[in-house]
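Written below as structure tokens is the structure these notes are about.
Just so we're clear, the structure is a prediction, and the values are computed from it rather than from any experiment. Because only heavy atoms are used, hydrogens play no part in the values below, and waters and symmetry mates are left out as well, while side chains stay in.
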Amino acid sequence: MAASVIKKFFIASMFMWIAPLAILYGFNHNLLPGSSNLSPHAMTLVSGFVAVISVNIVIAFYIYMALREPVDKHEPDPKFLADAKASVSQPTGEASTSSESLKKQE
């Protein structure tokens, strides 16, 4: 399961780099229809706006994919639980003796 999550993250990260660069390249080299009719100022604004929108679409898609991940109920390790319960139920007298020994050492 962790491998699929890493794979999805890697793919989303690649699209977050590729999509805006491809859009900017397409606008600057007049590969997109209608971009040759724009003034340089308008082309810069439109290409930047569309590139930012493309990154937001990739992020929204990644969030959507993350929400669709199966949710497995995590069960803690029984040995860890037993050790934790044992450490919590220890008498507090040991803690006071350790602080008393620290005071004696000072």
Report all side-chain donor-acceptor pairs from residues 13-33 shorter than 3.5 Å, counting only partners two or more places apart or in another chain.
{"unit_1": "S13", "atom_1": "OG", "unit_2": "F9", "atom_2": "O", "d": "2.8"}
{"unit_1": "N28", "atom_1": "ND2", "unit_2": "L24", "atom_2": "O", "d": "3.2"}
{"unit_1": "H29", "atom_1": "ND1", "unit_2": "Y25", "atom_2": "O", "d": "3.1"}

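- Among pairs with a residue in residues 78-89, those fulfilling side chain to side chain donor-acceptor pair (under 3.5 Å) read K79-D83, at least two apart in sequence or across chains.
- With side-chain heavy atoms closer than 4.5 Å counting as contact, directly or through intermediates, the hydrophobic cluster containing M65 also holds F61, Y64.
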Check: residues 46-56 side-chain donor-acceptor pairs under 3.5 Å, at least two apart:
{"unit_1": "S47", "atom_1": "OG", "unit_2": "M43", "atom_2": "O", "d": "2.8"}
{"unit_1": "S47", "atom_1": "OG", "unit_2": "T44", "atom_2": "O", "d": "3.1"}
{"unit_1": "S54", "atom_1": "OG", "unit_2": "A51", "atom_2": "O", "d": "2.6"}
{"unit_1": "N56", "atom_1": "ND2", "unit_2": "V52", "atom_2": "O", "d": "3.2"}

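- Listed by chain and residue number, L38, S39 satisfy the side chain to side chain contact (heavy atoms under 4.5 Å, CB included) test with A42 (two or more places apart in sequence, or in another chain).
- For I63, the side chain to side chain contact (heavy atoms under 4.5 Å, CB included) criterion is met by I59, L67, not counting sequence neighbours.
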